[in-house]
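Residue numbers count from 1 along this sequence.
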Amino acid sequence: MTNFQFAWPKGDHLEKQNVLLNAFLIGVWFWLYYPLVEYFQIIFTREDFRTNQIIFVGLLILVGQRIYHSQTAVSLDALPKLRPFPLSLIIGASISYLLIERFLNINTLSATLFGLGTYGLIGLWLEPEKWRKGVPVALLFIATLPFGEHMQTFIGYPMRILTAQIVQKGLLAAGVASVGIDTILVFENGVSHIDLPCSGVRSLWTGGVFLLAATWLENRRMNAWWWATAVLFVVALFLANLSRVGLLIITGEVMGWRFLAEMIHVPLGILGFVVACSLAIGLLRLQNKFQTQSDTSQKSQTVAQSRADVLSKKQLMILIGMLAFFALIYTPRPQTGLTHHTESWQFTEGLEIENLPLTAVENEWLTKDGAESAERYRFRMGDLSGSMILISSKTWRAHHRPERCFEVYGLTLNDSSTHLVSHSQPIRMVSLGNGPKQDLYTASYWFQSDTQTTDDYGTRIWSDLALERDRWVLVSIVFDATVDPNSDEVTAFYETMHATVDNYLQ
């Protein structure tokens, strides 16, 4: 990243005035993005994001070392310069931030825009060439946000479907017609651990961090060659995952060697990731041969940019006023309350139900995220007993992955896999315990609309892209003990609950 030092003003009245104007500009900037403070506190304190925190601290140390050995000074009394790219980034990021906060309220996107806009703000003082060289590290800091989790949620489902379709067509071409797309999805999900960086869509986030770090360390430009390298790298990661899934299906499903498939899925993922990263490094180093030719043509442009006029105090006040106006008109996404009534749930006579009221904190959380109704019950059906929560909503934000709730109560997730109650009723089975291999409870959940049932959170999210959104219900169940999902009693319970939800939705 760019190397620089701060040079404190000497005490002249004009210089002190400039320092105050700079401080005012920076203060208004952070005022605009103040609503993100709570989100950053979560990201940089919770154990769930420990990997992101480690990467962030490591970057701070590396950049701190560069700054310590810097020979370039940035004076605090120097007014910002009129540089088009940084200025456009500041304004564009701020307007996009307001729109996302008002209509989408996706915290990671808002935090990304804060990072881009902040680097644009730095570019008003930094020399263009040094600002450009710092872009990879600025993107690296932004990449420490939990993109891996969100990528798994938002693009994991279509990527899994595409992978399964390609594998199925490959098997058909080889004369194997007995393996369907649903079989591939269920088998691959059951064998592989989706939280590993080497598997599936998570490798895109890990690979992106690797490529940005390599770009910085190799001192490469983010030009057309770099973008071509990035595209080829993404293709290589996809092909690596495609090959991994294909080999797992052939080994475990076609050949029937499931135990072997479970053993090789991690080595296959690591091998594919290493090969793709090696390709990216080779292409980045090859870029050096073409970079020298473009340096001369860009040199005159860089010199011209470095001579940009200093923003006059009037122009600076206009910029400050614009950011202050953005902060004043900031409007978060409106909250919607719980609108449905509990009487709408009608359970069958064989299912004994006892209402368990939600706490005030739980009600506040669900109200903020747009749930239409949320009910928690104790249940008993024959020898089965436990608790369940039913959350109805037309927005995916009111739904969540129940695994996180289980962990909040101090339970460990020992296993998670898809179970097919029927061909059209996949559910997620989760083994809960107080330590590895110590299963105490069985949990299960699924998302259900009047046309579809899925255990995939990404599928639930993508359904909201329809012009007319369906009402969905999240069904989350925790049994009082471990249960066999294949037993007739458990199957009958799931079918009963599925019919109950279906009647509610109808």
Report task. Just do the side chain to side chain contact (heavy atoms under 4.5 Å, CB included) check on W225 and L284 with the steps written out, would you? Result -> CA-CA 8 Å; W225 181 271; L284 284 177; 6.0 Å; no
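- Distance check: W472 CH2 to H399 NE2 gives 9.5 Å after rounding to the nearest 0.5 Å.
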Requested in this report: Starting from the C-alpha separation in whole Å, work towards a yes-or-no answer on side chain to side chain contact (heavy atoms under 4.5 Å, CB included) for L25 and L323.
Outcome: CA-CA 8 Å; L25 173 61; L323 295 176; 3.8 Å; yes
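- Two residues are said to be in side-chain contact when any heavy atoms from C-beta on lie closer than 4.5 Å; F85 and W131 meet this criterion.
- Between K133 and E127, the closest side-chain pair of non-hydrogen atoms is not below 4.5 Å.
- The number of heavy-atom neighbours closer than 6.0 Å to CZ of F44, taken from other residues, nucleotides and ligands shown, is above 12.
- Taking all atoms of both residues into account, the shortest heavy-atom contact from F326 to L98 is O-CD2, 3.6 Å.
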In residues 87-97, what donor-acceptor pairs under 3.5 Å come from side-chain atoms, sequence neighbours left out?
{"residue": "S88", "atom": "OG", "partner": "P84", "partner atom": "O", "Å": "2.8"}
{"residue": "S94", "atom": "OG", "partner": "Y33", "partner atom": "OH", "Å": "3.4"}
{"residue": "S94", "atom": "OG", "partner": "I90", "partner atom": "O", "Å": "2.8"}
{"residue": "S96", "atom": "OG", "partner": "G92", "partner atom": "O", "Å": "2.9"}
{"residue": "Y97", "atom": "OH", "partner": "L32", "partner atom": "O", "Å": "3.2"}

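- Side-chain contact check for L21 versus M317: some heavy-atom pair is nearer than 4.5 Å.
- Aromatic ring pairs are classed by plane angle as parallel below 30°, tilted from 30° to 60° and perpendicular above 60°; the pair F114 and W29 is parallel.
- The CH2 atom of W226 sits 13.5 Å away from atom CZ of R220, with the distance rounded to the nearest 0.5 Å.
- More than 12 heavy atoms of other residues, nucleotides or ligands shown are found within 6.0 angstrom of CZ on F40.
- Between L319 and L124, some side-chain heavy-atom pair lies under the 4.5 Å cut-off.
- The residue from I55, L59, I61 that alone fulfils the side chain to side chain contact (heavy atoms under 4.5 Å, CB included) condition with V57 is I61.
- Y445 and E403 get closest at one heavy-atom pair: OH-OE2, 2.8 Å.
- At least one side-chain heavy atom of V63 sits under 4.5 Å from a side-chain heavy atom of F141.
- Counting heavy atoms from C-beta outward, I391 and H400 have side chains that approach closer than 4.5 Å.
- Put simply, CE on M222 and CH2 on W227 are 5.0 Å apart, with the number rounded to the nearest 0.5 Å.
- Side chain of S449 to main chain of Q452: a donor-acceptor pair is present (N/O by atom type, distance under 3.5 Å, no hydrogens or angles).
- By the 4.5 Å heavy-atom criterion applied to side chains, F233 and F210 are counted as neighbours.
- Scanning all heavy atoms of the two residues, the minimum distance from V209 to A143 falls at CG2-CB, 3.9 Å.
- A distance-only check finds no donor-acceptor pair linking the side chain of R469 to the backbone of W396 [under 3.5 Å].
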Query raised in the report: Would I142 and F147 satisfy side chain to side chain contact (heavy atoms under 4.5 Å, CB included), going step by step from the backbone distance to the final call?
Result: CA-CA 9 Å; I142 294 173; F147 284 104; 4.1 Å; yes
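- S203 has its side chain out of reach of F238: every pair of non-hydrogen atoms, C-beta onward, lies at least 4.5 Å apart.
- Note that OG1 of T118 is 10.0 Å distant from CG of L113, once rounded to the nearest 0.5 Å.
- In this structure, the side chain of E101 does not engage the main chain of T331 through any donor-acceptor pair within 3.5 Å.
- The CD1 atom of I427 sits 12.0 Å away from the OG1 atom of T454 when rounded to the nearest 0.5 Å.
- Shown here for L232 and L279, the closest heavy-atom pair between the two residues is O-CD2, 4.5 Å.
- In plain terms, the two heavy atoms of R50 and T45 that are nearest each other are NH1-O, 4.2 Å.
- Contact between T251 and M255 at its shortest, heavy atoms only, is O-CB, 3.4 Å.
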Query raised in the report: Does the side chain to side chain contact (heavy atoms under 4.5 Å, CB included) test come out yes or no for V167 and L242, once each step is laid out?
Result: CA-CA 7 Å; V167 170; L242 178 65; 3.7 Å; yes
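- Atom CD of Q448 is separated from atom CG of D470 by 12.0 Å, given to the nearest 0.5 angstrom.
- Between the side chain of N52 and the main chain of L145, a donor-acceptor pair closer than 3.5 Å is present.
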